[in-house]
Structures are given as structure tokens and as C-alpha cells.
Amino acid sequence: HVNLVPSGGGSVQAGGSLRLSCAASKDIYDNYYCMAWFRRAPGTEGEGVAAIAKDGSTFYRDNVKGRFTISQDKAKNTLYLQMNNLKSTDSAMYYCAAETQNPEYCSGGYWPATAPNAWGQGTLVTVSS
């Protein structure tokens with residue numbers, strides 16, 4: 001049973017934009033404390049990109065601040081990541097994830113070093129320079 005289904009990946013030239021979506025099951029959306037996007041490029045460690053707590057607080061890694069925006073539509077149980085001014089270094093498989101067990105995950109410093117407990121499959125973003 002897949003609870004998080006991402007979409008929206010694709011190929012774009014540097015400077016372009018993409019919006020990733022992640023449809024969450026009702027069970028996830030009723031019980032999450034924090035939802036997040038992670039990414040992993042080939043041959044690298046995964047890294048947290050952005051996170052959003054249930055109260056709407058947002059968190060970003062430094063090199064996407066001002067370019068990426070995480071948001072959610074609670075009526076649609078959907079998480080988004082708007083990515084603008086994309087760079088070739090943003091190329092990676094992007095994963096959406098949710099934390100349903102630790103209420104301090106977003107604001108208590110656990111993101112991004114600690115993996116959330118629920119993961120979706122990835123969606124590939126390729127940025128050509």
C-alpha cells in the first residue's frame with residue numbers, strides 16, 4: 001500500500017521551473033507532524049530539501065532558499081515543491097516523506113539529519129545547463 005505518490009519530475013533547462021506534487025493517503029494526512037522533500041543524486045548521500053510542519057512552519061536547506069517553496073493543500077491531501085531558477089546541481093531523484101511518529105521532527109532539529117518514517121517513491125528531476 002503506497003501512501004505517498006510523487007509526480008511532476010521531468011527535464012528542464014537551467015533557469016527553468018518545475019513543480020513537484022505528492023499525493024498523500026488520508027491516513028498519512030490525518031496523522032503527520034511534518035512532511036518533507038528529500039533528494040539524492042547518483043553517487044551522493046541523500047539530503048533534505050525542504051520540510052513543512054502541520055502548523056505551516058517551513059524549513060529549507062540553504063542552497064534552495066529563495067528558489068524553492070514547499071506548500072501543502074490540506075483539502076487535497078497534497079504536498080508541493082515549487083522549484084524555480086533550477087540549476088544543474090538540483091538534478092536528482094526527489095522523494096516526498098512524512099513523519100507520523102515524532103511531533104518534534106520538523107521544529108526539534110530532527111530534519112533533515114533523521115529520516116522520516118514514511119516514504120514515497122522518487123520522481124526524477126534533470127536540469128541541463
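Atom set for the values below is all heavy atoms of this structure, side chains included, hydrogens, waters and symmetry mates excluded.
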Next item on the list: Return yes if some donor-acceptor pair links the side-chain N/O of Lys74 with the main-chain N/O of Tyr29 below 3.5 Å, else return no.
Entry: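 Judged by distance alone, no pair lies under 3.5 Å.
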
Margin query: Treating Tyr105 as the side-chain partner and Tyr32 as the backbone partner, does any N or O pair qualify as donor plus acceptor under 3.5 Å?
Written below: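 Flag not set: sc Tyr105 to bb Tyr32 has no pair under 3.5 Å.
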
Can you name the residues that form a side chain to side chain donor-acceptor pair (under 3.5 Å) with [X], not counting sequence neighbours?
X	result
Asn85	none
Asn84	Ser17, Gln82
Asp73	none

Atom pair [atom1] ([X]) and [atom2] ([Y]), whose distance is rounded to the nearest 0.5 Å:
X	Y	atom1	atom2	answer
Leu79	Ile28	CG	CD1	11.5 Å
Thr78	Leu20	OG1	CG	12.5 Å
Asn31	Lys26	CG	NZ	8.5 Å
Glu47	Arg40	CD	CZ	11.5 Å
Ser91	Leu124	OG	CG	8.0 Å
Trp37	Met83	CH2	CE	8.0 Å

Margin query: Within the 4.5 Å heavy-atom criterion, are Thr89 and Asn63 side-chain neighbours or not?
Written below: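 The answer is no, as the side chains (C-beta and beyond) never meet within the 4.5 Å cut-off.
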
Checklist line | Residues forming a side-chain contact (heavy atoms from CB on, under 4.5 Å) with Asp55, sequence neighbours excluded | finding: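 Residues passing side-chain contact (heavy atoms from CB on, under 4.5 Å) with Asp55: Ala53, Ser57.
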
Next item on the list: With sequence neighbours excluded, give me every ring pair (Phe, Tyr, Trp, His ring centres under 6.0 Å) pair touching residues 60-91.
Entry: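 Sorted result for residues 60-91: empty, none.
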
Could you list all the disulfide bond (SG atoms under 2.5 Å apart) pairs where at least one residue sits in [range], not counting sequence neighbours?
range	answer
residues 42-92	none
residues 43-98	Cys22-Cys96
residues 98-129	Cys34-Cys106

Hydrophobic cluster membership, [X] vs [Y], 4.5 Å side-chain cutoff:
X	Y	result
Tyr110	Trp119	yes
Phe38	Met93	yes
Ile70	Val125	yes

Margin query: Under the rule for ring pair (Phe, Tyr, Trp, His ring centres under 6.0 Å), what residues qualify as partners of Phe59, not counting sequence neighbours?
Written below: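 Ring pair (Phe, Tyr, Trp, His ring centres under 6.0 Å) check on Phe59 returns nothing, list empty.
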
Item checked: With sequence neighbours excluded, residues passing ring pair (Phe, Tyr, Trp, His ring centres under 6.0 Å) with Tyr95 ->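 Here no residue qualifies.
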
Next item on the list: Search all heavy atoms of Ser88 against all heavy atoms of Ser129 and return the closest pair with its distance.
Entry: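 Looking at all heavy atoms of both residues, the closest pair is CB-CB, 4.4 Å.
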
Next item on the list: Could you list all the salt bridge (charged side-chain N to carboxylate O under 4.0 Å, His left out) pairs where at least one residue sits in residues 80-97, not counting sequence neighbours?
Entry: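 Residue pairs passing salt bridge (charged side-chain N to carboxylate O under 4.0 Å, His left out), neighbours aside: Arg39-Asp90, Arg67-Asp90.
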
Let me have the donor-acceptor pairs involving side chains of residues 97-104, under 3.5 Å, with sequence neighbours excluded, atom names and distances please.
| unit_1 | atom_1 | unit_2 | atom_2 | d |
| --- | --- | --- | --- | --- |
| Glu99 | OE1 | Asn117 | N | 3.3 |
| Glu99 | OE2 | Gln101 | N | 3.0 |
| Glu99 | OE2 | Asn102 | N | 2.8 |
| Thr100 | OG1 | Asn117 | ND2 | 2.8 |
| Asn102 | OD1 | Glu104 | N | 2.8 |

